[in-house]
Amino acid sequence: PRRLRNQFSGVGQLLVHPESVIDMSDEPAYAPRKSGIRVMGEMSWGAHICVFYEAEQDLLAANASYFAAGLEGNEFCIWAVSDPIDAETAKDALRQSIPDIDERLVAGQMEMIPATDWYLPGGEFDIQRITGGWNEKLREALERGYAGIRISGNAFWIGTSHWKEFCQYEHELDRSL
């Protein structure tokens, strides 16, 4: 039998509140979204899920299909990339599922950011700065006409020194969604 290693990737969407939506006349803000993850099917805005994986290729494949669904659904996508992969490996995986990914990156529909730059600038983990940053990204995405934002990142960057703060962040993120 296959055994899963202690590896996980936090994959989730941020909530779009109906009153914060600029123009969603084509689609209700509460409409389910395609997750891109076969076993998940559709998800509501605000879903915050965790995907366990065994190998790097599993992580890449899950994120590629997850982001393909988001891009198809006119969502702004952010991948906070960290070990065991780097940005180039992630882009190569996306190219296999999303032929126009380079154009979408250049157009700004998707961003790839180093997870340590987002979560630990200067080595400091600041929950309010991180969640405030996600809210700002959401505001900008809505202003640019996207339906919302779709985010993925894994937690390898935390090691053990920031585990308590990371758990608090996850709780705060769940509460805000």
Side-chain angles (χ1 to χ4, degrees), residues 1-14 33-41 43 47-126 129-131 133-134 136-138 140-141 144 146-163 165-167 169-170 173 177:
R2 288 176 51 172
R3 293 183 49 143
L4 293 179
R5 295 184 194 134
N6 188 20
Q7 300 172 346
F8 63 96
S9 177
V11 181
Q13 294 178 323
L14 291 181
R33 311 296 293 181
K34 291 180 183 176
S35 71
I37 300 172
R38 186 173 28 100
V39 297
M40 294 295 302
M43 298 186 308
H48 184 201
I49 63 173
C50 179
V51 176
F52 289 87
Y53 61 94
E54 186 170 19
E56 178 181 309
Q57 191 55 40
D58 300 330
L59 171 64
L60 293 168
N63 275 287
S65 61
Y66 175 73
F67 284 124
L71 294 168
E72 180 183 304
N74 190 40
E75 298 170 13
F76 175 64
C77 298
I78 305 170
W79 192 348
V81 179
S82 66
D83 289 338
I85 60 172
D86 59 30
E88 281 309 308
T89 303
K91 286 178 193 174
D92 288 342
L94 292 173
R95 285 182 189 111
Q96 293 176 22
S97 298
I98 309 165
D100 64 345
I101 190 61
D102 292 309
E103 291 84 3
R104 291 178 184 263
L105 286 163
V106 169
Q109 187 179 2
M110 181 165 187
E111 286 183 23
M112 298 184 81
I113 56 177
T116 53
D117 290 355
W118 181 262
Y119 293 106
L120 294 172
E124 296 295 320
F125 188 86
D126 182 342
R129 184 194 50 76
I130 297 165
T131 55
W134 291 136
E136 180 62 19
K137 292 281 189 186
L138 173 60
E140 291 170 3
R144 291 172 49 201
Y146 294 112
I149 63 175
R150 183 174 290 233
I151 302 166
S152 177
N154 71 49
F156 269 17
W157 55 267
I158 61 171
T160 57
S161 60
H162 296 285
W163 188 251
E165 292 95 342
F166 178 74
C167 290
Y169 159 73
E170 289 288 304
L173 185 61
L177 294 175

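Since we're looking at a predicted model, the values are computed, not measured.
- Side chain of S65 to backbone of G36: a donor-acceptor contact under 3.5 angstrom is found.
- Rounded to the nearest 0.5 Å, atoms OH (Y66) and CE (M43) are 5.0 Å apart.
- In terms of heavy atoms, A141 sits closest to G148 at CB-O, 4.2 Å.
- At a threshold of 4.0 Å, the pair R33-E75 counts as salt-bridged, since one of the basic side-chain nitrogens sits closer than that to a carboxylate oxygen.
- No donor-acceptor pair under 3.5 Å is formed between the side chain of R104 and the backbone N or O of C77.
- The shortest non-hydrogen separation linking A69 to R150 is CB-NH1, 3.9 Å.
- Taken from CD1 in I78 to CD1 in I149, the straight-line distance is 4.5 Å, to the nearest 0.5 Å.
- The shortest non-hydrogen separation linking F76 to G108 is CE1-O, 3.1 Å.
- Note that CG of L71 and CD1 of I101 are 5.0 Å apart. Values are rounded to the nearest 0.5 Å.
- No donor-acceptor pair closer than 3.5 Å links the side chain of R95 to the backbone N or O of D102.
- Side chain of S35 to main chain of G41: a donor-acceptor pair is present (N/O by atom type, distance under 3.5 Å, no hydrogens or angles).
- Between P121 and R129 the shortest side-chain heavy-atom distance falls below 4.5 Å.
- With values rounded to the nearest 0.5 angstrom, E111 atom CD is found 9.5 Å from L105 atom CG.
- Looking at D92, T89, L94 one by one, the single match for side chain to side chain contact (heavy atoms under 4.5 Å, CB included) with L60 turns out to be T89.
- To the nearest 0.5 Å, the span separating CD1 on I98 from NZ on K91 amounts to 13.0 Å.
- Once rounded to the nearest 0.5 Å, the distance linking CD1 of I85 with CE of M112 reads 6.5 Å.
- Between W118 and W134, the gap from one ring centroid to the other is short of 6.0 Å.
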